[in-house]
Amino acid sequence: MRWSRLFTPTLRDAPADADAVSHKMLIRGGFMRQLHSGHYSMLPLGWKVHEKVAQIVREEMNLIGGQEFLLPAMHPKSLWEASGRWATMGDEMFRLEDRSGNEVGLGMTHEEVFATIATEINSYKTLPQIWYQIQWKFRDEPRPKAGLLRVREFAMKDSYSLDLDFDGLDRNFDLHHEAYLKIFRRLDLDAMPVEASSGAMGGAGSIEFMVASPAGEDDVVRCPNCDYRANVERATSALDAIADDAGPDAPERFPTPGIRTIAALEEAGAPAVSQIKTMVMVVDGAVTLALVRGDHQLNMQKLQDVTGGINIRPATPEETVEHLGANPGSLGAVGVNDEIRILADEALQGRTNLTTGANEDDWHWRGVDIARDVNVAEWVDLREVTAGEACPKCHTPIEIVRCIEAGHIFKLGTQYAEAMGAHVLDADGNKRTIVMGSYGIGVGRNMATIAETHHDDKGLIWPVSVAPYEAVVTVMKVDDEATMAAAEQIYQDLLAAGVDAIIDDRDARAGVKFADSEVIGIPFRLTVGPRGIKDGNVEFTVRNGMVTTDVAVADAAQTVIDAVAVAKG
RNA sequence: CGGGAUGUGGCGCAGCUUGGUUAGCGCGUCGGUCUGGGGGACCGAAGGUCGGAGGUUCAAAUCCUCUCAUCCCGACCA
């Protein structure tokens with residue numbers, strides 16, 4: 001490519017509405033432009049990077065036996081009704097009507113379609129299978145943000161494993177786990193696998209691949225001592241046992257005028273660790289109480305996971321008063337009847353002599369024995385761990401790191417195959433439901449994650465594996481014949497050796513050319529100018545670290561060819 | 001959905017409080033001259049429904065109402 005013909009509108013300033021580093025850099029480098037919230041146009045360089053990321057994913061999927069498909073993005077309502085997800089996907093699914101009035105949805109993921117195709121598998125002999133595609137997903141996100149990190153329209157590699165049994169699923173899950181680690185290594189992303197909530201996907205278990213970054217949206221618990229890693233949505237920690245006084249034979253009501261918060265109640269003599277915090281939640285329309293220790297936080301995802309609820313929200317003040325008879329600040333579960341489901345965090349199990357609201361404004365109970373006085377339906381893990389608590393495995397204080405979710409793999413099980421009727425006959429002639437796994441990597445998000453973690457104050461620093469160009473030959477004086485001829489020869493040598501090179505043949509000032517190559521983040525640069533040519537030299541600059549050395553004109557191309565080869569491993 | 005902020009040539013901004021010439025500035029763009037190893041200088045030029053609609057007024061970028069868009073925070077702390 002000749003830069004004089006390249007369309008890549010670089011900017012001196014980042015747009016004011018960009019906040020995340022990757023967003024600013026990708027806009028400044030002319031990789032992409034926003035069309036509207038959550039939708040980006042990929043410009044030539046952006047698309048090149050995107051496709052290099054996709055190709056790495058494709059290669060690693062093929063290596064584990066994946067077969068590439070391409071499924072429709074637009075799906076009939078009936079398909080999603082069959083799995084029950086037409087309803088459960090809620091507002092996150094884009095829906096529209098065709099001219100006949102038939103409702104269709106834009107695919108957010110493709111379990112249903114792949115499972116439908118899997119109905120054509122009739123014999124166990126066809127299994128296992130790994131099917132995948134790299135295709136556009138549409139999700140009406142509540143809040144698109146941070147450039148490509150969270151968008152409403154994006155390319156995703158989604159793969160699906162099909163097996164006769166759960167042992168097979170485990171094998172394919174492990175194959176994907178390994179393939180994903182290789183993919184992230186090739187993308188130069190330091191991704192850590194963590195236990196995760198399966199969320200709306202359902203299924204038996206899942207692993208997220210997390211890359212530490214302040215631009216992320218997930219918090220990951222990490223033990224600095226052992227290998228414990230988990231999303232806060234799943235993480236636990238070891239708590240010190242608390243020895244309570246037995247307390248009175250029955251709870252006692254006492255007046256607490258004006259006391260509305262845990263902190264205020266603590267000042268009034270009830271330690272937060274000995275309070276019950278009563279969260280009034282509405283789970284799919286049903287008022288539910290979630291109890292946690294006074295000094296603990298409720299994790300909504302954990303509540304969602306344990307209840308299996310789809311729509312979960314805090315109760316409104318009106319609903320709270322209607323069901324419990326008091327306002328927030330004086331709420332409790334003592335004496336609440338069976339009509340309201342009560343879930344209590346495990347940290348409250350066995351506790352006595354506790355304090356909690358009495359469901360009458362300005363009154364609380366003390367001396368509460370939770371087992372005796374509260375009608376707990378289930379003891380579950382609801383609490384969000386915090387940094388510094390003890391690792392559940394080794395008791396070292398844990399840390400919490402902000403992360404980008406770069407990939408996610410799920411052990412789905414049989415639910416989609418069952419819904420779509422994907423069955424096979426096993427060796428004994430018995431009908432069996434196909435066991436599925438599903439595995440996703442967002443191409444654009446990974447591109448942004450690389451940008452997020454590979455830059456300096458001059459711009460991006462792409463790993464060679466995904467760089468828009470591996471090398472640029474920067475011509476300092478295009479009207480100097482000897483300079484241009486030497487640059488052209490080097491450029492042709494690079495192309496002949498398979499290096500993805502570009503020659504900057506623009507009649508522009510040196511500063512402009514340097515700045516552009518740096519903001520774009522091309523890994524290697526050969527600067528060819530009359531000054532060096534006179535001595536038979538060109539300059540070789542490595543973008544990462546901006547180290548420049550002189551090399552002989554005759555060796556220049558080979559220097560880059562070698563550097564590219566080393567970087568690609 | 002709740003809260004906050006911002007919308008003025010391609011990008012970054014000023015002007016708005018206190019309404020009043022032809023709406024400015026930097027960068028970028030186009031033409032030219034001089035330059036030529038870190039976003040150069042000078043001359044000239046193009047490019048704007050001041051997000052949109054309605055209202056107040058003799059007069060609106062500026063005041064009022066509604067609306068749309070974009071960004072950030074939150075989706076719990078009883």
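On a predicted model such as this, the values are computed, not experimentally measured, just so you know. Throughout, a chain's letter reflects where its sequence line sits, starting with A, and its residues are numbered from 1.
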Starting at CZ of A:R150 and ending at C1' of B:C71, how long is that distance when rounded to a whole Å?
16 Å
Looking for any heavy atom pair under 4.0 Å, which part of the strands does [X] touch: base, sugar-phosphate only, or nothing?
{"X": "A:A272", "answer": "nothing"}
{"X": "A:A16", "answer": "sugar-phosphate"}
{"X": "A:E518", "answer": "base"}
{"X": "A:E539", "answer": "base"}
{"X": "A:V292", "answer": "nothing"}
{"X": "A:R28", "answer": "base"}
{"X": "A:H36", "answer": "sugar-phosphate"}
{"X": "A:M476", "answer": "base"}
{"X": "A:T261", "answer": "sugar-phosphate"}
{"X": "A:I262", "answer": "sugar-phosphate"}
{"X": "A:G357", "answer": "nothing"}
{"X": "A:D516", "answer": "base"}

Choosing from B:C11, B:G40, B:G38, which nucleotide comes nearest the side chain of A:L11?
B:C11
Using the side-chain heavy atoms of A:K145, tell me which of these nucleotides is nearest: B:G38, B:C73, B:C71.
B:C73
Checking base pairs now: Watson-Crick or wobble, both atom distances under 3.5 Å. What partners B:A5?
B:U70
Could you tell me the Watson-Crick or G-U partner of B:C25, where both distances fall under 3.5 Å? Say none if there is no partner.
B:G12
Report yes if a side-chain nitrogen or oxygen of [X] is closer than 4.0 Å to either non-bridging phosphate oxygen (OP1 or OP2) of [N]; otherwise report no.
{"X": "A:S37", "N": "B:C71", "result": "yes"}
{"X": "A:Q301", "N": "B:A75", "result": "no"}
{"X": "A:R143", "N": "B:C73", "result": "yes"}

Enclosure of A:D240 CG (heavy-atom neighbours >12, cutoff 6.0 Å):
no
Hey, does the side chain of A:K24 reach the backbone of A:P15 with a donor-acceptor pair shorter than 3.5 angstrom?
no
Checking A:K302 side chain against A:R383 main chain: does a donor-acceptor pair fall under 3.5 Å?
yes
In terms of side-chain geometry, is the basic nitrogen of A:D456 or A:R543 positioned less than 4.0 Å from the acidic oxygen of its partner?
yes
RNA chain B nearest-nucleotide lookup for A:P142 and A:H23: closer to the 5′ end is A:H23
